[in-house]
Engineer: 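Here it is, the structure in full.
Here is the naming used below: chain letters follow the sequence lines, and residue numbers restart at 1 for every chain.
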Amino acid sequence: MNRAVMRVSRIRVGRLLQDKLHVFWMQICLVLVFILPFILVAGMLYKSLLLIEAQPLTELLFSKTWKPMAGRFGFYTFIISSVWVTILALLIAGPICLLTAIHLTQYAKRWVLRVMHPIIDILAGIPSVIYGVWGILVVVPFIGNYLGPFFGKSVSGYSILAGAIVLAIMIIPFILNILIEIFKNIPPELSEASMSLGAGKWQTIKLVQVKKALPGIVSAFGLGMSRAFGETIAVLMVVGNVAQIPKGLFQPGYPLPALIANNYGEMLSIPMYDSALMLAALILFVVVLIFNFASRLIIVKSEKQLA
Amino acid sequence: MMDKFKIVIENLNLQFGNQPILKNICASIPENKITVIMGPSGCGKTTLMKSLNRLTDLNPDAKVTGSIFIDGQDILHTSENITLIRKKMGLLAQRPYPLPMNIYNNIAYGLRISGRRKKRYLDKRVEHYLRQVSLWDEVKDRLKEPAGRLSIGQQQRLCLARGLAVGPDIILADEPTSALDPISSQAIEGKFNELKKNYTIVLVTHILRQAKRLADHVIFMYMGEVVEQGPASEIFGNPRQEMTKSYLNGIFY
Ligand SMILES: Nc1ncnc2c1ncn2[C@@H]1O[C@H](COP(=O)(O)OP(=O)(O)OP(=O)(O)O)[C@@H](O)[C@H]1O
Ligand SMILES: [Mg+2]
């Protein structure tokens, strides 16, 4: 009798301990995940502080002089390259995604969307190095042999435009998936209301559906841009990697992620070089963070307004 | 007394996929009267209203057969532009869906679609229709606010005004007072009584007393079929079908 009670209580204590332990480990993991971004930032900040102390931040950001040997680290060229490929990629991907999403949700037969969904997911899951290889095999020669000469330029094909095209193709499935979800979630009654007022289908889409979806569209584009801004390998493979301010679409560029990936671990004998690369990483991180935050903020805000 | 029928429905069948929703509907809706459609939830009232406006076209699963004559023209088999047919009817949906724009533009939307763009004209019309649904005083200072910020009852009146603004001859109102307090409901009911001089009104309601107050003509539906229809006095006073009788006595639903 007594022994039984003791056994029960021992089991109970064991369970309790187990529960406590589980909870403990879960909390540890949670904390780890939570502080991860802070550790990252702290690491980058710590490393780059050396450079930030040596040179004013404005000069680092806006100077065009990149002479590591002389200790001059101006990021302007790289930032501009990044901005160029990103905006260009969005200009290519945005309209394509928007029109595709509208067609798939408003015009196409339902089985088309059913077939397209897995295809889009597959596209989204392809490793970026494959997009890079495809860029070298197809996009670069296309620009070098056809598009460049067509505009009267003799170019290698490794260019801002090549980077932007590859990027655009990479972010298309990502943006498209969000847009399809947004358009699918617009209540059909809204279109019915518009059409019962005498609007045609295209008018309804343009004036009501797109308007309703606008915050979602903007934030989908924002998320796509932050992806494009941070994408490394595929861009690095086709963009040419020449540290100059690109004077045109057919000129090579050198975006920030490519700079980091190409040089980290190689040029570290140069003083402050690793500090400079860490600063590049920090800039990248901050920009992507801002894009992400802004996009999510728009979503949250518009959801609140709907509720 | 002889009624002139504005809408005549003949052998209307509708199915979503393989499921029949409306079965062989035959009904007539008199001009410049209020016709109330009644029946238990899910019997197809909303669907019937939507087919009158051919909004069922938007649903790729919907298959419609039969005829709906409006002013003698079969709108299911016509070469006329369907948006013109829809403009003959102002639809007030079961739940209000303001367009994603400000209050003013919600009313002006239909007018602009039909090519009216002069600001003076639009201003006047917007005020006129907002007054007509007794909403003007509540919103005249916030016409530029998103319509989604209005209360549900205000939205419902806004949607009515929006429907009236395109100059229909028919008003299709699907439970127009379901979100309104008794006083606003009364205001809307009064409005309908006024409007029927110039409009043919089709009204869905679950409120028996409201039906009795408003109806000139009644269509009673059950499980996708019209069970009984006729002048309100007959249906309410002396229903011929058992089903109608028990519904009116509140035995089911
Ligand atoms: N888009 C749709 N797809 C498939 N079935 C539908 C669709 N819309 C309505 N139905 C079905 O059609 C039937 C009739 O629906 P309807 O909305 O017309 O009923 P109702 O009489 O208006 O009901 P309530 O009084 O609750 O509004 C229901 O069984 C409903 O499930
Ligand atoms: Mg209904």
Engineer: Heavy atoms only, distances under 4.5 angstrom: which of A/Ser191, A/Pro187, A/Ser194, A/Gly200 has the most pairs with chain B? Name it, please.
Structural biologist: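 Sorted descending by pairs with chain B, the first entry is A/Ser194.
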
Engineer: Between A/Pro188 and chain B, which part of the residue has a heavy atom less than 4.5 Å away: side chain, backbone, both or neither?
Structural biologist: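 For A/Pro188, no heavy atom lies under 4.5 Å from chain B.
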
Engineer: Could you tell me which portion of B/Pro168 (side chain, backbone, both or neither) has an atom closer than 4.5 angstrom to a non-hydrogen atom of chain A?
Structural biologist: neither

Engineer: Within the supplied structure, the quantity of interest is the number of heavy atoms (other residues, nucleotides, ligands) at a distance under 6.0 Å from B/Asp181 CG; does it exceed 12?
Structural biologist: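 Yes, enclosed.
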
Engineer: Within a reach of under 6.0 Å around OH of A/Tyr107, are more than 12 heavy atoms found that belong to other residues, nucleotides or ligands?
Structural biologist: yes

Engineer: Check the surroundings of atom OH in B/Tyr121: do more than 12 heavy atoms from other residues, nucleotides or ligands lie under 6.0 Å from it?
Structural biologist: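 More than 12 within 6.0 Å, yes.
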
Engineer: Of the backbone (N, CA, C, O) and the side chain (C-beta and beyond), which part of B/Asn59 lies under 4.5 Å from a heavy atom of chain A, both, or neither?
Structural biologist: side chain

Engineer: Residue by residue, which of residues 82-92 of chain B have a heavy atom closer than 4.5 Å to a heavy atom belonging to chain A?
Structural biologist: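 Near chain A, by residue number: B/Thr83, B/Arg86, B/Lys87, B/Met89, B/Leu91.
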
Engineer: Check whether more than 12 heavy atoms from other residues, nucleotides or ligands sit under 6.0 Å from atom CZ of B/Phe16, and answer yes or no.
Structural biologist: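 Yes.
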
Engineer: Evaluate whether atom CZ of A/Phe285 has more than 12 neighbouring non-hydrogen atoms of other residues, nucleotides or ligands under 6.0 angstrom away.
Structural biologist: yes

Engineer: Check each atom of A/Leu214 against the heavy atoms of chain B and say whether the ones under 4.5 Å are side chain, backbone, both or neither.
Structural biologist: neither

Engineer: Can you tell me which residue among B/Thr56, B/Asn53, B/Leu55 is in a side chain to side chain contact (heavy atoms under 4.5 Å, CB included) with A/Glu192?
Structural biologist: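 For A/Glu192, the side chain to side chain contact (heavy atoms under 4.5 Å, CB included) check succeeds only for B/Leu55.
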
Engineer: Please name the pair of heavy atoms, one in B/Tyr109 and one in A/Thr204, separated by the smallest distance, quoted to 0.1 Å.
Structural biologist: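 Distance-wise, the nearest heavy atoms are OH-CA, 4.2 Å.
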
Engineer: Can you tell me which portion of B/Arg54 sits under 4.5 Å from chain A's heavy atoms? Options are side chain, backbone, both or neither.
Structural biologist: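 Answer is neither: B/Arg54 stays 4.5 Å or more from chain A.
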
Engineer: Can you name the closest pair of heavy atoms from A/Leu197 and B/Gly163 and give their distance?
Structural biologist: CD2-CA, 4.0 Å

Engineer: Could you walk me through whether B/Arg112 and A/Leu207 pass the side-chain contact (heavy atoms from CB on, under 4.5 Å) check?
Structural biologist: CA-CA 11 Å; B/Arg112 289 209 183 100; A/Leu207 300 173; over 6 Å; no

Engineer: For A/Gly198 and B/Ile113, work out which heavy atoms get closest and say how close.
Structural biologist: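 Smallest heavy-atom distance, with atoms named: O-CG2, 3.5 Å.
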
Engineer: Any idea which heavy atoms bring A/Arg110 and B/Pro60 closest together, and the distance?
Structural biologist: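 Looking at all heavy atoms of both residues, the shortest contact is NH2-CG, 3.1 Å.
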
Engineer: Should A/Leu190 and B/Pro98 count as side-chain neighbours, where that means a heavy-atom distance under 4.5 Å?
Structural biologist: no

Engineer: Does a sphere of radius 6.0 Å around NZ in B/Lys124 hold more than 12 heavy atoms from other residues, nucleotides or ligands, not counting ones at 6.0 Å or beyond?
Structural biologist: no

Engineer: To the nearest 0.5 Å, what is the distance between CD on A/Glu189 and CZ on B/Arg95?
Structural biologist: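 Here the interatomic distance stands at 6.0 Å.
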
Engineer: Around atom NZ of A/Lys109, are there more than 12 heavy atoms from other residues, nucleotides or ligands closer than 6.0 Å?
Structural biologist: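 Open: at most 12 neighbouring heavy atoms sit under 6.0 Å from NZ of A/Lys109.
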
